[in-house]
Amino acid sequence: MAMYYQFIIGFLGLVMGMSGCTSPSVKSTSFYYWKTVYQNDSIEQAALRAMHSPRLYVRIMDVDQADDNSMPVPISPVRFDDPLPDSIDLVPVVFVVHSIFKKMDDQQIAGLADKVLDFVAAKVRQAGKMDYSELQVDCDWTGGSRDAYFNFLEKLQESPKFKNKSLSITLRLHQVRDIKRSGVPPVDRALVMCYNMGNLRRYGSHNSIFDLREMEAYLKNHLRKYPLKLDIALPLFSWKVVFRNREYAGISKRLKTQSLLDSSLFVQQDATSLYTLKKDLPDIGLRSGDVIRNEQVEMSDLYQASDFLSRYLPGGDFNLIFYHLDKDILEKFPHDELQKISEHF
Amino acid sequence: MMNCKRYLSIFSLTVVAFFTELAINIACGWEPDPYDYYVSYFHNNIAGDAYQPFMFTAYSYMYTEQEAVSEASLNSREWADYLGNVKAGDVQQVMYHTGPATDSLIHLFLSDKHVPLPDSLQNNSYLQAMAKSREARNYFLFAKSTEPLAQIDYDPWNPAPLDTAAMLTKATEAWTLCKKIREDEFMKLRYAYQAARMFHYATDYENCIKVYESEIKPLAIQSSAKGWATSLYAGALRRVGQPVRAAFLFSKVFETNPERRIQAYKNFQYIDVPIEEVMALASTKNEKAAILAIQGFGHPDLDFESLSALYKLRPESPLVAPLLIREVNKLEERLLEVDRTIPPDYYYTPVRQEYRQAAVNEAKKLRGLALAISEAPVVSFQALGTITAAYLSWMINDDRNARVYLATLNPKKLNESLLNQYRITQLLINLNAFIDHRDIDNEALLAALKWLDDKRYAENGQVPSRNPKEYYEYSPPEYQPFTSSARNIYQNILAPAYLHSGDTALAALAMMKGDMKYIPQSDTLYLAEVTYRTQQVWQEFLQPGTMKKLEVLKKEIINDTFIDFLSTPLKRLSNDDFYELFGTTYLRTHQYAEALACFNKISSDYQYAVPQDFYEDNKKAFSNPFNTTIRDYPKAYDRSEGINKKQFAQKMFDLQKDTQKENEEAAKAYYLMANAVYQTGTFGNAWSMISYSWTSNDNYYTDSLRYYDGDFKFAHTAEQWYLKARSLSTDIDFKARCTFMLAKCAQKQFTFSEELHPWDFRDKNSPFVVKSIHGNPYFKELSDSYARTAFYKAAVGECSYLRDFISGR
């Protein structure tokens with residue numbers, strides 16, 4: 001009898017283990033392409049091939065108001081100087097600034113959805129593709145813009161131009177945690193953006209791009225419960241955040257990392273990510289006294305992220321997307337190293 | 001008393017909604033006029049319109065987007081001169097003003113001369129010349145073939161990229177044709193320009209640069225097209241990483257091509273390179289002057305340095321005058337105030353006093369430069385310099401020097417624009433003397449004002465036909481210097497001066513005169529036709545005594561020519577409007593017999609205005625002043641008929657007589673009068689008896705009180721009459737009612753401020769709660785002396801403030 005019960009318990013345990021406790025695993029690894037001009041680059045293409053990336057998530061445009069009172073328009077749409085390789089599917093990504101929904105009524109939202117679909121379809125053709133199967137919308141919506149944004153997503157899916165396509169959206173960490181306020185978008189899949197999680201504009205030596213503690217705080221108890229299928233995006237980028245009089249002054253696009261290491265120009269604050277500029281650099285718009293926070297992502301960060309996500313993502317396959325594809329970034333993150341991250345899950 | 005929670009939720013909503021729904025509020029209207037948002041008398045066009053796009057305004061990037069010179073006319077003129085015996089107008093018609101259908105016919109005509117032209121083009125000298133000239137014909141057809149590639153309507157939602165392949169084909173073709181031409185620089189330039197343009201639009205900047213350097217730069221011909229090509233070259237240099245050179249070349253185009261000046265200026269600014277680096281490329285004075293001018297035109301703050309550097313470099317430069325005028329206009333913005341005794345327009349930004357002295361110092365510096373200009377050898381600038389110095393002197397209250405400077409000029413030798421500014425400056429100086437009652441030629445002053453009126457009539461013409469009862473007049477901004485100068489003189493100089501001297505009647509006349517910008521009519525003028533500021537003065541400032549004076553001026557012949565001049569619009573003012581207002585001033589001062597006398601002068605078919613209730617779908621809000629209520633909200637308007645001002649005056653007059661009767665009757669009369677005058681407050685349903693506007697914020701603006709705000713905001717008279725009513729009666733329930741109403745009056749006398757938010761009622765220690773509820777003496781009396789009355793019980797049931805008082809919350 002005891003053996004019978006042992007068998008039952010063991011069998012139940014096996015069933016439970018098989019059904020509820022499968023680890024998440026990476027189904028495919030891809031990249032975001034976030035430049036305004038698409039050109040095939042041999043290093044970037046090699047990375048895609050090596051990692052067997054089936055698709056590339058290409059930013060098609062931002063959608064925003066050109067000025068305060070106007071209707072939203074495409075901002076900096078991508079230009080395809082080269083077609084995408086045949087072996088890579090294109091997932092068009094449209095970044096929507098949530099404030100455009102403030103004054104839009106239902107009819108205008110429907111009109112916007114229609115225009116977006118037409119525009120995306122034309123751009124996909126310019127990329128050398130006949131069609132696309134997935135559209136991703138990237139929007140950091142708020143409680144105030146939620147209903148209009150969800151309406152927009154529904155309008156996209158209801159359109160006959162969207163037949164046989166799927167819609168995914170991006171999620172920021174707070175939207176995973178605060179479901180009550182943020183709601184759950186009416187889509188098939190969501191991509192959790194595991195970056196830009198700290199306060200960019202706050203002075204300090206923290207890393208606003210990636211901070212495991214922030215990930216834990218937002219996602220630990222919520223990721224598994226999120227009611228959509230989830231994909232994950234991890235960062236590869238870095239930037240230099242400028243503070244003037246301890247106030248946020250922007251991101252410097254022209255400051256090189258080597259310059260930070262030049263002791264005639266900068267002095268590092270203890271062993272932190274903060275560097276104080278010693279003299280004016282008018283060519284790149286910096287002044288003596290400016291403090292630069294050098295934010296980087298390291299391989300160790302990506303390993304930490306994958307460890308965490310492995311524990312807390314729901315079981316099953318997911319797509320892993322790196323932000324973003326750029327040959328300079330690939331110098332620091334060669335594709336074989338990125339492959340290890342993918343396999344580390 | 002009222003459902004306080006509901007009152008407060010309605011109240012907070014209305015405050016948050018920021019609406020003045022029952023008032024005609026120009027604040028919810030359109031945007032500030034970029035050409036007329038500060039007080040100005042120094043006309044920005046006195047040195048001509050060549051640099052009009054760069055005149056000063058803080059409200060838009062360019063003063064106008066219209067270039068001073070038409071590119072179409074210039075190009076047409078060049079073609080006409082090139083072909084000879086051709087009218088420029090004919091060229092322009094064919095090149096710029098034909099549609100697709102006509103273009104097809106022209107194409108066929110030029111390809112096959114036997115195709116007939118439309119009647120309008122039969123005698124077109126340009127087409128006839130092209131029929132004879134193969135080169136001109138071929139170029140025309142080629143240029144037309146590039147237009148579909150160059151002229152694209154910008155639609156941000158059109159994802160189609162530019163047809164760069166076709167552009168490159170055309171560019172190459174144009175370059176080939178250009179190279180074949182040896183002698184004819186005119187045609188060579190045109191083809192080279194087309195090549196550079198097509199390369200540029202196709203983003204082939206390297207070839208654009210090559211075309212310019214090899215084909216265009218070496219040409220000796222003087223042509224506008226060279227400047228257009230230089231713009232393309234500059235733009236290409238910018239794209240290939242030579243921004244400083246690009247900026248310098250744009251400054252060259254700015255200098256030489258008035259038809260492309262705005263484009264060149266904007267591109268220079270977009271490039272945003274250090275000016276010193278651009279200046280280092282300039283070798284001639286003209287080139288440096290252009291760069292300094294661009295710097296000066298782009299400076300929104302006071303910028304004496306650019307102007308003085310340019311003047312030092314090239315005193316004869318045509319750029320000196322527009323920069324000088326800009327600086328004067330900027331100083332006007334910083335020094336000339338609207339006297340806020342009369343509430344200014346919504347968009348008026350007060351002069352910052354902390355910057356005033358700095359502005360005065362700048363004015364003195366600028367005056368020094370203006371005086372230098374007045375003595376310089378450039379004759380055409382001398383008068384401008386003198387007049388500017390005089391005006392600046394007036395601005396900084398140095399009238400003595402202003403007169404001295406003007407006296408050096410011979411007005412007969414001034415051109416029209418300068419003469420106009422001379423006369424305005426002289427008028428301003430004389431007005432100061434007039435206001436200070438100094439010796440002055442009043443007839444000359446009057447003549448100057450009449451002259452200025454004529455000038456603004458010329459700007460505006462006849463009054464447009466529309467419903468005279470509607471004042472809501474919108475037209476797009478247009479620079480009307482005489483209109484704004486005249487208005488400012490009447491409304492910002494004369495009217496405030498009269499107010500300060502205590503002459504409200506003349507102030508009201510000056511305000512009204514300031515609005516009369518159209519050629520004078522003989523028909524009736526209505527108060528609804530004047531501007532909001534003038535309406536405000538008439539409707540809020542004028543008391544019965546002032547109205548009496550105005551009545552005399554309206555009806556009688558006036559010996560004083562100046563006052564007669566100011567009174568001309570008054571004489572046209574509708575009698576009904578006049579007496580309606582006159583009667584209202586008497587209502588405000590409780591002189592009901594006199595009010596009635598005024599209302600009896602109004603036409604029998606006159607429709608008294610009835611406000612609309614924003615909270616109730618804009619239903620008519622008829623006054624219901626004799627209705628007694630415990631709660632103030634919702635306002636107990638009558639929805640069917642209500643009572644108009646004349647009926648109100650009659651009833652109040654009758655009640656006034658009843659106050660002389662025996663105690664209880666007198667008490668009742670006082671009670672009804674108190675109630676009526678309480679209801680004429682902003683918290684009542686009959687506010688339109690004494691006010692022409694209402695906002696939900698009325699209780700909270702107590703900085704500048706009108707003479708009737710004692711009733712409108714604070715229920716002072718109501719309190720007096722309720723006290724009287726209570727003292728005359730022995731009916732305890734009636735006395736309880738009076739006491740409760742006294743408590744409401746006391747509550748109205750609480751003065752709110754920025755710190756004392758009305759919705760802090762939830763905090764029992766907030767000043768409002770302390771004073772108006774727990775500290776309300778009449779609540780105490782009510783509770784101590786009238787707690788057993790039926791009215792008391794009813795009041796407790798309806799009024800949460802009273803309940804709060806009782807419970808000590």
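Computed from a predicted model, the values in this text were never measured in an experiment. First the proteins, then the strands, lettered A, B, ... as listed; each starts at 1.
In this structure, B/K210 places its NZ atom where only 12 or fewer heavy-atom neighbours from other residues, nucleotides or ligands lie under 6.0 Å away. Heavy-atom contacts from other residues, nucleotides or ligands closer than 6.0 Å to CZ of A/R244 number more than 12. More than 12 heavy atoms of other residues, nucleotides or ligands shown are found within 6.0 angstrom of CD on A/E158. Under a cut-off of 6.0 angstrom, the local environment of NZ in A/K161 is crowded, with over 12 non-hydrogen atoms contributed by other residues, nucleotides or ligands. For B/E147, the CD atom sits in a packed shell: over 12 heavy atoms of surrounding residues, nucleotides or ligands are nearer than 6.0 Å. Residue B/D155 places its CG atom among more than 12 non-hydrogen atoms of other residues, nucleotides or ligands, all under 6.0 Å distant. For CD of A/E247, the number of neighbouring non-hydrogen atoms (other residues, nucleotides, ligands) closer than 6.0 Å is 12 at most.
Residues of residues 123-134 of chain A that come within less than 4.5 angstrom of chain B, heavy atom to heavy atom, are A/K123, A/Q126 in numerical order.
Pairing each heavy atom of B/W157 with each of A/F119, the nearest pair is O-CD1, 3.5 Å. When all heavy atoms of B/P159 and A/A122 are compared, the pair lying nearest together is CG-CB, 3.1 Å.
Identified under the salt bridge (Lys or Arg N to Asp or Glu O under 4.0 Å) test for residues 248-260 of chain A, with sequence neighbours left out: none.
Considering only heavy-atom pairs separated by less than 4.5 Å from chain B, the leading option among A/P77, A/P282, A/P72 is A/P72.
Taking CZ from A/R79 and OG1 from B/T164, the interatomic distance works out to 8.5 Å, rounded to the nearest 0.5 Å.
For B/N158, the part lying under 4.5 angstrom from a heavy atom of chain A is the backbone only. There is no contact between A/V120 and chain B, counting heavy-atom distances below 4.5 Å.
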